[in-house]
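Down below is the structure, laid out as C-alpha cells.
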Amino acid sequence: MSNEPTRSVFFDKVYDLCRQIPTGKVATYGQLAKLAGSPRAARAVGMCMKTNPDAPRTPCHRVVASDGSLTGYSAGDGVSTKQLMLQREGVIFNGSKVDLQVSQWQP
DNA sequence: ATTTTGACTTAAG
DNA sequence: GCTTAAGCCAAAA
C-alpha cells in the first residue's frame with residue numbers, strides 16, 4: 001500500500017538517487033537530473049528538495065552545485081552547517097567548495 | 001490552463 | 001575572478 005503516493009517519476013528518482021549517494025560523497029544537481037532522466041532539469045531537482053521537507057529521508061546535504069559550491073540549504077546556519085556536515089562525513093573541501101575531483105559521487 | 005518561481009548550468013562581458 | 005544574461009525543467013499558485 002502506498003501510503004506515500006508518488007508525486008512524480010522525476011521526484012521519486014531524485015529522492016532515490018539522493019539516498020544512493022554514499023557517505024563521504026556528493027553529487028551535483030545536474031548529475032542527479034541526468035540520472036533522474038532529464039540532463040537539463042538541474043533546477044527542477046533543487047526545487048524539489050526545497051519544496052519537499054524530506055530532510056531526514058533525503059540527504060539533500062550531499063547535493064552541491066556543479067562546481068562544488070554549496071547552494072541553498074535553509075537549515076542550521078545554512079551552507080555552513082551543510083559544509084560542516086559534509087566534512088564530518090568525510091567529504092574533502094577545498095576552501096569553501098567541495099573537491100569534486102575526490103568527493104563527487106560516481107555511479 | 002497560464003504564469004511565476006526556484007537549492008541550476010553555461011556562456012559571454 | 002566576478003557579474004549579467006539566457007536557457008531549461010518541473011512543480012506550485
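Because the structure is a prediction, the values reported are computed rather than measured.
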Summarise protein proximity over nucleotides 8-13 of chain C in one line of letters, 5' to 3': B for base, S for sugar-phosphate only, - for none, counting protein heavy atoms closer than 4.0 Å.
BBBS--
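Proximity of a side-chain donor or acceptor of A:K82 to a complementary backbone N or O of A:A75 within less than 3.5 Å is not detected. Between the side chain of A:T51 and the backbone N or O of A:C48 there is at least one donor-acceptor pair closer than 3.5 Å.
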Just distance, no hydrogens or angles: give the donor-acceptor pairs under 3.5 Å from side chains in residues 18-32 of chain A, sequence neighbours left out.
{"unit_1": "A:Q20", "atom_1": "NE2", "unit_2": "A:D16", "atom_2": "O", "d": "3.3"}
{"unit_1": "A:Q20", "atom_1": "NE2", "unit_2": "A:D16", "atom_2": "OD2", "d": "3.0"}
{"unit_1": "A:T23", "atom_1": "OG1", "unit_2": "A:R62", "atom_2": "NH2", "d": "3.2"}
{"unit_1": "A:K25", "atom_1": "NZ", "unit_2": "A:V102", "atom_2": "O", "d": "3.4"}
{"unit_1": "A:T28", "atom_1": "OG1", "unit_2": "A:Q31", "atom_2": "N", "d": "3.2"}
{"unit_1": "A:Q31", "atom_1": "OE1", "unit_2": "A:Q104", "atom_2": "NE2", "d": "3.0"}
{"unit_1": "A:Q31", "atom_1": "NE2", "unit_2": "A:W105", "atom_2": "O", "d": "2.9"}

For residues 90-99 of chain A, tabulate all N or O donor-acceptor pairs below 3.5 Å that involve a side-chain atom, not counting sequence neighbours.
{"unit_1": "A:K97", "atom_1": "NZ", "unit_2": "A:D67", "atom_2": "OD2", "d": "3.1"}
{"unit_1": "A:D99", "atom_1": "OD1", "unit_2": "A:Q101", "atom_2": "N", "d": "3.2"}

Tell me, what's DNA chain C's dot-bracket, Watson-Crick or G-U with both distances under 3.5 Å, | for other-strand, [ ] crossing?
.||||||.|||||
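Residues satisfying the ring pair (Phe, Tyr, Trp, His ring centres under 6.0 Å) test with A:F10, not counting sequence neighbours, are none. A search for side-chain contact (heavy atoms from CB on, under 4.5 Å) contacts involving A:M85 returns A:H61, A:Y73, A:E89, not counting sequence neighbours.
Along DNA chain B, read 5' to 3', the first and last nucleotides having any atom under 4.0 Å from a heavy atom of chain A are B:dG6 to B:dT10.
For the segment residues 62-78 of chain A, no residue has any heavy atom less than 4.0 angstrom from an atom of DNA chain C. Interface residues of residues 89-96 of chain A facing DNA chain C, ordered by number: none; criterion, heavy-atom separation under 4.0 Å.
Scanning both residues, A:G72 and A:V79, for their nearest heavy atoms gives O-CG1, 3.3 Å.
Sorted by first then second residue, the salt bridge (Lys or Arg N to Asp or Glu O under 4.0 Å) pairs that include residues 30-40 of chain A, not counting sequence neighbours, number zero.
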Let me see the working for A:L86 and A:L70 under side chain to side chain contact (heavy atoms under 4.5 Å, CB included), right down to the final yes or no.
CA-CA 10 Å; A:L86 288 170; A:L70 286 80; 3.8 Å; yes
Should A:V64 and A:L100 be marked as a side chain to side chain contact (heavy atoms under 4.5 Å, CB included) after you check the CA-CA gap, both sets of side-chain angles, and the distance that decides it?
CA-CA 10 Å; A:V64 299; A:L100 296 176; 4.2 Å; yes
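Residue A:K34 is out of contact with every strand shown, counting any heavy-atom pair closer than 4.0 Å.
With rounding to the nearest 0.5 Å, the separation of OG1 in A:T71 from NZ in A:K50 is 11.5 Å.
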